[in-house]
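First up is the structure itself, then whatever we jot down about it.
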Amino acid sequence: MAIRKIREIGDEVLTKVCKEVTKMTPRTTELIDDMLETMYEAMGVGLAAPQVGILKRIVVIDIGEGPVVMINPRIVESSGEQTGEEGCLSVPGKSGIVTRPNYVKAVALDEDMKEYEIEGEGLMARAICHELEHLDGHLYIEKVEGELHSTEYEEA
């Protein structure tokens, strides 16, 4: 496993549409392991493959309940609304207010390429929506209401 470089806003890879994963290979397994390690090292709750420079439809999420791996994910249902602070490892030091569904249901493949459904509310719904947008070349800043603001904190 290895920590990968997180691509930042301005990097063209973040604007591209990712390709579907058609089979699990040792390289793809390694990518998933590296994505999880990179996400934890950066203290994020989610990471999409394009954020580490790989144009594959793979997302990892952990909102504190253990890691979730989503391959070729798609949202099949959403409802409600939540508005809150959102940030992104690819837009370091910034955050903004974004409105998202409060509930989502998604279908994805697991690491064995078996289809499963996942439902999320609140933070999990926000994370799923945010990460899946990366797979189509979008960043949350396209949805920010008002201005982005700095998240740099002074250590006391």
Going through the distances and angles, do Cys88 and Lys94 end up as a side-chain contact (heavy atoms from CB on, under 4.5 Å)? CA-CA 8 Å; Cys88 178; Lys94 300 285 184 195; over 6 Å; no
Neighbour count above 12 (heavy atom, 6.0 Å) for Lys105 NZ: yes
Any donor and acceptor pair, going by atom type alone, linking the side chain of Asp11 with main-chain N or O of Leu14 inside 3.5 Å? no
4.5 Å side-chain heavy-atom contact, Leu89 and Leu47: yes
Test of understanding: clusters of I, L, V, M, F, W, Y form through side-chain heavy atoms closer than 4.5 Å, transitively. Do Ile61 and Val107 belong to the same one? no
Side chains of Tyr140 and Cys129: does their closest heavy-atom pair fall under 4.5 Å? no
From CA spacing to verdict: side-chain contact (heavy atoms from CB on, under 4.5 Å), Leu109, Lys114: CA-CA 5 Å; Leu109 301 176; Lys114 295 201 176 7; over 6 Å; no
Heavy-atom pair of closest approach, residues Met70 and Ala106: CE-CB, 3.8 Å
Please lay out, stage by stage, how Ile32 and Glu37 fare under the test side-chain contact (heavy atoms from CB on, under 4.5 Å). CA-CA 9 Å; Ile32 292 166; Glu37 189 173 350; over 6 Å; no
Within one Ile-Leu-Val-Met-Phe-Trp-Tyr cluster: Val21 and Val13, side-chain cutoff 4.5 Å: no
Do Arg100 and Glu81 meet the salt-bridge criterion of a basic N to acidic O distance under 4.0 Å? no
Distance-only polar pair, side chains of Thr28 and Lys56, donor-acceptor under 3.5 Å: yes
Is Glu131 reaching over with its side chain to a backbone N or O of Ile128, donor-acceptor style, under 3.5 angstrom? no
Would you call Arg57-Asp136 a salt bridge at under 4.0 Å N-O? yes
Quick one: does any side-chain atom of Ser90 pair with a main-chain N or O of Arg7 as donor and acceptor, under 3.5 Å? yes
Using 0.5 Å steps for rounding, measure from the CD atom of Glu20 to the CD1 atom of Ile71. 11.0 Å
So, do Ser79 and Pro101 sit near enough that their side-chain heavy atoms are less than 4.5 Å apart? no
pair Ile58-Leu31: side-chain heavy atoms closer than 4.5 Å: yes
Keeping the roles fixed (side chain from Glu86, backbone from Val98), state whether a donor-acceptor pair exists under 3.5 Å. no
Do Ile3 and Tyr40 make a side-chain contact, defined as non-hydrogen atoms from C-beta onward lying under 4.5 Å apart? no
Report yes or no: do Val60 and Met113 belong to one cluster of Ile/Leu/Val/Met/Phe/Trp/Tyr joined by side chain heavy-atom distances under 4.5 Å? yes
Does CD belonging to Glu115 count more than 12 external heavy atoms closer than 6.0 Å? yes
Is there a side-chain contact between Glu85 and Ile97 in this structure, where contact means two heavy atoms from C-beta onward sitting under 4.5 Å apart? yes
Heavy-atom check, side chain of Glu12 versus side chain of Lys16, under 4.5 Å: yes
Would you indicate whether Glu145, at its atom CD, is surrounded by more than 12 heavy atoms from other residues, nucleotides or ligands within a distance under 6.0 Å? yes
Verify, without hydrogens or angle tests, whether Glu133 (side chain) and His130 (backbone) share a donor-acceptor contact under 3.5 angstrom. no
Heavy-atom closest pair (Ser95 atom, Thr151 atom, distance to 0.1 Å) is OG-CG2, 3.1 Å
Note: Val144 and Gly96 closest approach over all heavy atoms is CG1-CA, 4.1 Å
How close do Tyr116 and Val68 get, counting heavy atoms only, and between which atoms? OH-CG1, 3.7 Å
Exam field: side chain Glu121 to backbone Tyr103, donor-acceptor pair closer than 3.5 Å: no
Before you tell me yes or no, could you show the steps for Val59 and Leu135 under side-chain contact (heavy atoms from CB on, under 4.5 Å), namely the whole-Å CA-CA distance, both residues' side-chain angles and the distance that decides it to 0.1 Å? CA-CA 8 Å; Val59 163; Leu135 303 180; 3.8 Å; yes
Flag, side chain of Asp34 to backbone of Ala2, donor-acceptor distance under 3.5 Å: yes
Would Met124 end up clustered with Val69 when hydrophobic side chains under 4.5 Å apart are linked, directly or stepwise? no
Side-chain contact test, heavy atoms from C-beta onward, threshold under 4.5 Å: evaluate it for Lys143 versus Thr99 and give yes or no. no
Between OG1 of Thr83 and CG of Asn102, what distance do you get to the nearest 0.5 Å? 9.5 Å
Linked, directly or transitively: Leu36 and Val45 (ILVMFWY side chains, under 4.5 Å): no
Quick one: does Thr38's side chain have a donor or acceptor within less than 3.5 Å of a partner on Arg4's backbone? yes
